[in-house]
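Please read the structure below before turning to the comments.
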Amino acid sequence: QDASPHREWPMYGGGDQIRYSSLRQINRSNVTQLQTAWTYDPKETGGLQTNPIVVNGILYTVTPKHRVVALDAATGALRWKFDSGIDLTGANRGVTHWGSGAEARIFTGQGSYLYALDARTGEKIGSFGRDGRIDLREDLGRPPEELSVRLTTPGVIYKDLLIVGGRLSEGLPAAPGDIRAYDVRSGKLRWSFHTI
């Protein structure tokens, strides 16, 4: 088995944001022979800007309405679907994966919230934040109810941290553009970098 770190695609942009895979089954000599193996229709309308990830043979992605789905990467069979219940459209470039031992989580930005899902079942991880999610409008030193913060990219994992930025309002009152790191297990804020 190839020990290369570039065989899976565990987060947006690949394993380390280099958009590269060491897999060699598809190359310049056979790429023209490719055929569709499967498709998945979420039965939703709207645009889609997402980068699916693949971990342990499971493809995780978001739909046009920002529902998260886990599909068998070989067959396209639906394993699970998560619906936050928030009516969303627009840019959502995907999810990210974290795993350690028997634990495996999928993180997804849904409006102003960041959810932690069990990678095997799609259920919210109740011990993360408050009932499986954190409110990205909090911990910014301003009244959260006055702020708008959305994730359009799912964040980056570094060891046991999920590091996120966010899309902010261009009008007042606007949230500061802090880059924040959250504990992947508890959802507690570990640090903030104040950009201004």
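Just so you know, these numbers use all the heavy atoms, side chains as well, and skip hydrogens, waters and symmetry mates. Predicted, not measured: the structure shown is a model, and the values here were computed from it.
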(message) Looking at Glu145, I want to see if its CD is surrounded by more than 12 non-hydrogen atoms of other residues, nucleotides or ligands under 6.0 Å.
(response) yes
(message) For Ile179 versus Trp191, what's the shortest heavy-atom pair and its separation?
(response) O-CZ3, 3.8 Å
(message) Keeping Ser112 on the side-chain end and Leu136 on the backbone end, is there a donor-acceptor pair under 3.5 Å?
(response) no
(request) Output yes when a side-chain donor or acceptor of Trp80 lies under 3.5 Å from a complementary backbone atom of Ala119, and no otherwise. (result) yes
(message) Could you tell me if Glu123 and Thr121 have a donor-acceptor pair between their side chains, going purely by distance under 3.5 Å?
(response) no
(request) Decide, yes or no, whether a salt bridge links Arg130 with Glu138 under the criterion of side-chain N to carboxylate O below 4.0 Å. (result) yes
(request) Indicate yes or no for a side-chain donor-acceptor contact from Thr153 to the backbone of Gly155 under 3.5 Å, with no hydrogens or angles considered. (result) no
(request) Answer yes or no: is there a side-chain heavy-atom contact under 4.5 Å between Val149 and Leu140? (result) yes
(request) Please answer whether the main-chain N or O of Lys188 pairs with a side-chain N or O of Ser186 as donor and acceptor at a distance below 3.5 Å. (result) yes
(message) So which atom in Gln110 and which in Val68 form the shortest heavy-atom distance, rounded to 0.1 Å?
(response) NE2-CG2, 4.1 Å
(request) Kindly say whether Thr50 contributes a backbone atom to a donor-acceptor pair with the side chain of Asn92 at under 3.5 angstrom? (result) no
(request) Work out which heavy atom in Phe107 is nearest to a heavy atom in Ala116; give both atom names and the distance. (result) CE2-CB, 3.6 Å
(message) As a test of understanding, state which of Asn27, Ile26, Thr32 forms a side-chain contact (heavy atoms from CB on, under 4.5 Å) with Ser29.
(response) Asn27
(message) Phe82 and side-chain contact (heavy atoms from CB on, under 4.5 Å): which single residue from Asp118, Val95, Leu117 fits?
(response) Leu117
(request) Please determine if Glu44 and Arg67 form a salt bridge, counting it only when a charged side-chain N lies under 4.0 Å from a carboxylate O. (result) yes
(message) Less than 4.0 angstrom from a charged side-chain N to a carboxylate O is my criterion; do Arg180 and Asp178 meet it?
(response) no
(request) Could you tell me whether the side chain of Trp98 and the main chain of Arg185 form a donor-acceptor pair under 3.5 Å? (result) no
(message) Exactly one of Arg190, Arg105, Lys159 should register a salt bridge (Lys or Arg N to Asp or Glu O under 4.0 Å) with Asp183. Which one does?
(response) Arg190
(request) Check whether any side-chain heavy atom of Ile53 lies under 4.5 Å from a side-chain heavy atom of Leu59, and answer yes or no. (result) no
(message) Looking at every heavy atom in both Val184 and Phe128, which two are closest together, and how far apart are they?
(response) O-CD1, 3.6 Å
(message) If you compare all heavy atoms of Ile86 against all heavy atoms of Tyr115, which two are closest, and at what distance to 0.1 Å?
(response) CD1-OH, 3.9 Å
(message) Donor-acceptor pair, distance only, cut-off 3.5 Å: does the side chain of Asp72 make one with the backbone of Thr75?
(response) yes
